[in-house]
There are 4 protein chains.
Amino acid sequence: MPRPVSPVPEVEPTAKPTKPGATRVRRGQDKRDLILQAAIKVFARAGVHGARVSDIAKEAGIAYGLVYHYFKNKDEILVTIFEEQWLGFLAAVRDIGNNGQPLRDRLVSIAALILNAYRLRPDWVKVLVFEIQRSARFAQPGQVQAMRRLFDEFEDLFERAQVDGEMRTDIRPAVSATMFIGALEIVITSLVLETAALPADETEERAYYLAFANETVEIFLNGCARGGSTR
Amino acid sequence: MPRPVSPVPEVEPTAKPTKPGATRVRRGQDKRDLILQAAIKVFARAGVHGARVSDIAKEAGIAYGLVYHYFKNKDEILVTIFEEQWLGFLAAVRDIGNNGQPLRDRLVSIAALILNAYRLRPDWVKVLVFEIQRSARFAQPGQVQAMRRLFDEFEDLFERAQVDGEMRTDIRPAVSATMFIGALEIVITSLVLETAALPADETEERAYYLAFANETVEIFLNGCARGGSTR
Amino acid sequence: MPRPVSPVPEVEPTAKPTKPGATRVRRGQDKRDLILQAAIKVFARAGVHGARVSDIAKEAGIAYGLVYHYFKNKDEILVTIFEEQWLGFLAAVRDIGNNGQPLRDRLVSIAALILNAYRLRPDWVKVLVFEIQRSARFAQPGQVQAMRRLFDEFEDLFERAQVDGEMRTDIRPAVSATMFIGALEIVITSLVLETAALPADETEERAYYLAFANETVEIFLNGCARGGSTR
Amino acid sequence: MPRPVSPVPEVEPTAKPTKPGATRVRRGQDKRDLILQAAIKVFARAGVHGARVSDIAKEAGIAYGLVYHYFKNKDEILVTIFEEQWLGFLAAVRDIGNNGQPLRDRLVSIAALILNAYRLRPDWVKVLVFEIQRSARFAQPGQVQAMRRLFDEFEDLFERAQVDGEMRTDIRPAVSATMFIGALEIVITSLVLETAALPADETEERAYYLAFANETVEIFLNGCARGGSTR
DNA sequence: GATGAATGAGAATTCATTCAT
DNA sequence: AATGAATGAATTCTCATTCAT
């Protein structure tokens, strides 16, 4: 039922994803996506709570009645964003985890994936991090823990890494998974909270994020204690 | 203005902090605290947004009009909780940071402080972690910097640790601070999300949390990579 | 303008009044009837107020835009049902009233007409009884007088019966008309309210309704007082 | 739980039922009644469906938020009217039914009770007759059939009358109860639908209604057939 | 201090109706 | 004829906040 959309393309999104050949495309589906994109933008700006349905509609340039044509209510918009975007994100993480490269490279790739996602679609990431993760809506069994699945992903990854001799076996995968996710999340959080400090130049920006990713993984793998980098 | 209350006593809170019959003074102050405690409970249960003023009043066992006698409005309750509790928490962190013990011990103490806080006052921690940070995004500059101050605390701590030769100097304190806070936060998050898994016995529980704290700090200091623990 | 349709055929409605393959003419007319039949079903189930245009369309198996092709608006559907069905019903009553049989027989026939209508097309009757009368209060004069016309019908009938010496002359026809209509209406109401009690077997069912009709007329003619039946 | 209020006093309601001595009475209860009275007026005028909560508030001269202070929603207002008024009415009917007078007198009293109710509080009666009786809200089991209870009342009454030899025993009480209620209801209905025809003078008015009540009971007891009145 | 009645701005949601295709 | 996307007026209901008692 969820229609996973490649959530974080490495390339900038093209102006119009419209498939050529369909001159104007089906009237409706476009509007549905329009609403989702607008919702992400508004949720990021004002929070789910602070976002009025009419704000979303205005952002999308449509009558707000139409929102209810496509979604049962405001909550369902959030759920849809989750289903179609977060699940896609999880899949991307899993792919990287299975790509056969050395552990460090995989972790840097994942960190870079997330940081790039933020660079290219900050609204999208803000909503995932701030709204979906914390929303009571997702803390309930059934929809169950958006986060839970990400934890599982990393637990698997780290269990395999232990077996492969790439990780210490005296630390439980559950703990290291927690640690790694926490590191990534807080990086995002700190980015969101002090956007001003970012480099203006795009090339610098990429470098900035990549450095951040590398450094984070380095701590995770080798620790901060004196001598850690010498190993 | 903030009246820091020792936020995380090492001892269990006594059943009733108000000795009946004793100092009958400051009755209003009692009600004020009653409201704050009730608010923490309700905020933890339903979120700040989902909490109605009347819910808080009902929880406190008072008429809701009285809430406005002590607080200008609902928001001020949250701000007050923040000011009186979070600042107290920051102070506790700073004290530990300055207690002259080896870095590892200090970090374990801080981690244990937080985990114990959660063990003893889960509502309190939930509100601080989930609500204050969330609201930070939309709050006025001033409150916004709730997290900022904690970052600063750790940056200071880690800068001194580098000077003292206890930490690698090739990792910016800003990054390691981010990393450490993130680790702690996510630990809390994961605790909140799977309360069921906790040991029932209290002695075991303490041990459980302490192990978690130790392991987290171990990763932070020595990393997860194979051989990390041998240093 | 109204196109009276024999509202209460004595025979069961054939499964499909539209012979497939036969006269393919007037397809639009078919849809129009489809909508009316669907509307009756939905109005009976949910009331005019509770019925959404889209419910009617769904019941009819068409797009709801099409409803507006055949009817100006929702209200016109109800008016149409009234005009085409109620007027037909009035005509049927008048026919029976003029069929030259003894008063008692005519009244029993009319009562049986109504009860049979309910037996064969309960939805139809529910809408006429509950919805048309209810809406009468708020409709424009013209429709308002739905009931008025039925009253007139019976007043005429009873005036003639007085002239013919079949009825007491010390009771105003207006009163006895009121009485008789009320009796019939409440019979329907009570049927609607306790459908469960009905006999399952169809032969028994007919008998049940006929008995009800006879008994009602008997009261109307001879009263409930002791000795009434001996006359 | 329902607080039966004498529903149909034989005397005109005094201007203010306020108990003397309580200079201004409890602030709240007055408003609650005010809302109920306003609701009856508005429901009678526009129907439950056509009545907006804001109309009721305006009619009562209060802020409409207050309506929700006393009632969960619009529907509950209707239910309350039913519980507090209809049940009182049922009790009044039962009292008359048990007053030991001859059957005819009791029936005339009941008919007069209803007709007087309409004379004195037409809005009240309109709501009971048109809205409560027909409302889907009351057709559901649980709240169950407002009407059902009235039927039961009359079935009891007529069964006893048969035992006492005041009624024919060859007509089932269920049928005669149906008949009598139907007669009364339709009388009300016809009154509501042609208010214009009423006598302007109050003395005449009383006589008019009394005559109507007598005539209706006469039909019910002795029938309309020729010779019925001579018995 | 304490109560809870009273207020009303604000937001969500519904659904009849229009209209482009 | 047929479809269902699009519109937005209309209404209900919520709840923070004020205020009379």
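Proteins come first, then strands; the chains are lettered A, B, ... in the order of their sequence lines, and each starts at number 1.
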Novice: Once you round to the nearest 0.5 Å, how far does CD1 of Ile56(D) lie from CD1 of Ile40(D)?
Specialist: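 Answer for the CD1-CD1 pair, Ile56(D) versus Ile40(D), is 10.5 Å.
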Novice: Taking atom C1' of dG4(F) as reference, at what distance in whole Å does atom CG of Asp30(A) sit?
Specialist: 16 Å
Novice: With respect to the phosphate group of dA5(F), does any side-chain polar atom (N or O) of Tyr70(A) fall under 4.0 Å of OP1 or OP2?
Specialist: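 For dA5(F), neither OP1 nor OP2 has a side-chain N or O of Tyr70(A) closer than 4.0 Å.
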Novice: Against Asp123(A), only a single residue in Lys41(A), Arg45(A), Gln37(A) fulfils side chain to side chain contact (heavy atoms under 4.5 Å, CB included); can you say which?
Specialist: Lys41(A)
Novice: Would you say dT14(F) has OP1 or OP2 under 4.0 Å from some side-chain N or O of Tyr68(D)?
Specialist: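 Tyr68(D) to dT14(F) OP1/OP2: no side-chain N or O under 4.0 Å.
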Novice: Can you check the Lys72(C) NZ to dT18(E) C1' distance for me, whole Å?
Specialist: 13 Å
Novice: Look at the side-chain N and O atoms of His69(D) and state whether any lies under 4.0 Å from the OP1 or OP2 oxygen of dA5(E).
Specialist: yes
Novice: Starting at OH of Tyr64(D) and ending at C1' of dA11(E), how long is that distance when rounded to a whole Å?
Specialist: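 Tyr64(D) atom OH is separated from dA11(E) atom C1' by 11 Å.
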Novice: Checking all strands, does Ala57(B) fall into the base, sugar-phosphate, or nothing category for heavy-atom contacts under 4.0 angstrom?
Specialist: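 Answer is nothing: Ala57(B) stays at 4.0 Å or more from every strand.
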Novice: Could you state the atom-to-atom distance from CG of Asp55(A) to C1' of dG10(E) in whole Å?
Specialist: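 It is 12 Å, rounded to the nearest whole Å.
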Novice: Just to verify, what does Ser54(A) make a side-chain contact (heavy atoms from CB on, under 4.5 Å) with, not counting sequence neighbours?
Specialist: Arg52(A)
Novice: Would you tell me if any nitrogen or oxygen in the side chain of Lys31(B) comes within less than 4.0 Å of OP1 or OP2 on dA2(E)?
Specialist: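 Answer is yes, contact under 4.0 Å.
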Novice: Toss me the dot-bracket line for DNA chain F: Watson-Crick and G-U wobble, both under 3.5 Å, 5' to 3', using | for pairs to another strand and [ ] for crossers.
Specialist: .||||||||||||||||||||
Novice: Given atom NZ of Lys74(B) and atom C1' of dC15(F), what is their separation to the nearest angstrom?
Specialist: 8 Å
